[in-house]
Amino acid sequence: MHPPAPNPRSALADRQPCHRHPLVRRLVDAQFPHWAHLPLTPLEPAGSDHVIHRLGDGLTVRLPRHAGAVGQARKEAEWLPRLAAHVSLAVPEPAGVGEPAFGYPWPWAVTRWLEGEVATVETLGDSVTAAGQLAGFLTELQRFEPGAVAEAATRGDLAGDVLAARDASTRASIAATAGVFDAAAMTGLWEAALAAPEWHRPPVWFHGDFHTGNLLVTGGRLSAVIDFGGFGAGDPARDMMIAHTLLSPRARAVFRETLDVDDATWLRGRGWSLAAGLSAYTAYAAVNQRVAAATTRQILAALEG
């Protein structure tokens with residue numbers, strides 16, 4: 001799972017452009033000639049994991065910008081068409097997977113465009129309706145294809161990492177931000193999360209990167225969940241991150257109660273929120289005020305509970 005990063009509609013600036021418009025045009029025209037007549041428009045600023053182009057009015061082209069994102073195109077093509085009928089919020093609809101060509105080294109994706117604006121704390125943070133929708137979506141996700149989840153949890157592309165794998169990097173981030181946040185409180189939460197009982201129930205499906213940047217809103221209501229690059233099976237604690245990136249304490253309580261989250265899972269979820277928030281803060285806060293504000297809120301909310 002990657003640290004929370006803004007989605008293509010409000011993403012970090014493309015600091016190291018790696019896919020020029022002519023290359024994307026060549027890839028589309030050569031591999032999907034039936035779309036060669038559609039205009040191609042870069043979405044700026046671009047995403048931290050993908051470069052995104054709008055293709056006509058109804059499609060997007062997503063090209064990974066680093067090796068950590070290369071599996072998403074095929075993962076979404078395999079799973080999202082199956083998931084779509086089982087959840088109450090829209091998910092991306094894959095329209096094609098492109099192959100490496102013209103010097104570009106990785107698979108890439110074409111998906112249907114989803115209308116909507118990125119969810120924000122200002123619009124939905126205190127909404128108990130949104131909290132209920134989010135809990136409902138995760139419940140639906142966790143119940144998706146129960147016969148396939150056990151095998152999926154053993155697949156390298158679906159198993160996900162464990163919280164302990166973040167130990168060294170999180171402790172380094174705590175030390176690096178000790179002048180900004182309460183290092184003792186962060187260390188206490190982190191060690192408590194690591195010591196919390198593990199998930200001993202059967203594995204369930206998780207989104208893996210469930211934060212505000214991956215939620216869309218239309219008409220003032222949640223309408224879609226996007227970016228399933230972290231999708232997998234195992235411990236659902238990482239999806240508790242949405243409680244600390246979006247929801248106020250009041251809405252957070254509704255979310256937890258509706259989802260019926262046990263104490264250990266909630267504590268591990270706070271650990272995921274802290275680790276991911278610190279990772280994004282140390283990487284981007286110095287160059288992006290919006291990310292600094294969002295991750296500060298996330299870290300403080302994780303500490304709060």
Side-chain angles (χ1 to χ4, degrees), residues 1-12 14 41-65 68-97 107-121 123-124 130 133-138 140-142 144 157-158 160 205-232 238-239 241-243 245-247 276 280 290-291 294:
M1 184 184 72
H2 300 293
N7 78 35
R9 292 166 174 78
S10 63
L12 300 173
D14 186 357
T41 308
L43 290 184
E44 297 291 351
S48 56
D49 287 340
H50 292 81
V51 171
I52 318 293
H53 288 68
R54 187 89 179 256
L55 182 61
D57 292 329
L59 298 166
T60 59
V61 181
R62 298 167 54 88
L63 288 88
R65 65 165 67 253
V70 299
Q72 183 166 340
R74 292 200 169 109
K75 180 190 288 190
E76 291 193 343
E78 177 182 3
W79 292 101
L80 292 189
R82 295 155 65 175
L83 176 63
H86 295 271
V87 291
S88 52
L89 296 173
V91 298
E93 180 184 346
V97 175
W108 48 281
V110 183
T111 58
R112 302 292 175 188
W113 175 260
L114 282 170
E115 295 292 344
E117 301 296 327
V118 177
T120 65
V121 171
T123 56
L124 291 181
Q133 283 185 283
L134 291 166
F137 175 85
L138 290 182
E140 295 161 349
L141 176 63
Q142 291 173 15
F144 164 65
D157 64 329
L158 293 172
W205 298 103
F206 53 76
H207 178 276
D209 204 13
F210 204 53
H211 61 84
T212 52
N214 289 332
L215 301 174
L216 300 183
V217 176
T218 55
R221 291 180 61 88
L222 284 170
S223 58
V225 179
I226 62 173
D227 198 348
F228 281 74
F231 175 74
R238 68 200 71 205
D239 282 347
M241 192 186 312
I242 191 60
T245 60
L246 178 64
L247 300 177
R290 188 181 54 77
V291 174

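Numbers here simply count residues along the sequence, with the first being 1.
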Could you state the interatomic distance from [atom1] ([X]) to [atom2] ([Y]), rounded to the nearest 0.5 Å?
{"X": "Arg112", "Y": "Leu80", "atom1": "CZ", "atom2": "CG", "answer": "14.0 Å"}
{"X": "His53", "Y": "Thr60", "atom1": "NE2", "atom2": "OG1", "answer": "11.5 Å"}
{"X": "Leu158", "Y": "Phe231", "atom1": "CG", "atom2": "CZ", "answer": "6.5 Å"}
{"X": "Leu89", "Y": "Gln133", "atom1": "CG", "atom2": "CD", "answer": "5.5 Å"}
{"X": "Leu134", "Y": "Leu215", "atom1": "CG", "atom2": "CG", "answer": "6.0 Å"}
{"X": "Leu43", "Y": "Arg54", "atom1": "CG", "atom2": "CZ", "answer": "7.5 Å"}

Heavy-atom closest contact ([X] atom, [Y] atom, distance):
{"X": "Ile52", "Y": "His50", "result": "CD1-CB, 3.5 Å"}
{"X": "Leu222", "Y": "Ala119", "result": "CD2-CB, 4.4 Å"}
{"X": "Glu140", "Y": "Val87", "result": "OE1-CA, 3.3 Å"}
{"X": "Pro94", "Y": "Ala77", "result": "CG-CA, 3.8 Å"}
{"X": "Leu59", "Y": "Ala95", "result": "CD2-CB, 4.1 Å"}
{"X": "Thr245", "Y": "Val121", "result": "O-CG2, 3.7 Å"}

Checking [X] now: which residues fulfil side chain to side chain contact (heavy atoms under 4.5 Å, CB included) with it, not counting sequence neighbours?
{"X": "Val70", "answer": "Pro64, Trp106"}
{"X": "Thr218", "answer": "Ser223"}
{"X": "Ala294", "answer": "none"}

Does [X] have any side-chain hydrogen bond (donor to acceptor under 3.5 Å, both in side chains) partners at least two apart in sequence or in another chain, and if so, which?
{"X": "Arg82", "result": "Glu145"}
{"X": "Glu93", "result": "none"}
{"X": "Gln72", "result": "Glu76, Asp227"}

Worksheet item: Donor-acceptor pair, Asn214 side chain versus Asp209 backbone, under 3.5 Å?
Response: yes
Discussion item. Is it the case that the side chain of Arg238 and the backbone of Met241 share a donor-acceptor pair, with hydrogens and angles ignored and the cut-off at 3.5 Å?
Written reply: no
Item to complete: Would you check, one step at a time, whether the test side chain to side chain contact (heavy atoms under 4.5 Å, CB included) holds for Asp49 with Arg62?
Response: CA-CA 9 Å; Asp49 287 340; Arg62 298 167 54 88; over 6 Å; no
Discussion item. Among Phe144, Phe210, Phe228, which residue satisfies the ring-ring contact (aromatic ring centres under 6.0 Å, His included) criterion with Trp205?
Written reply: Phe144
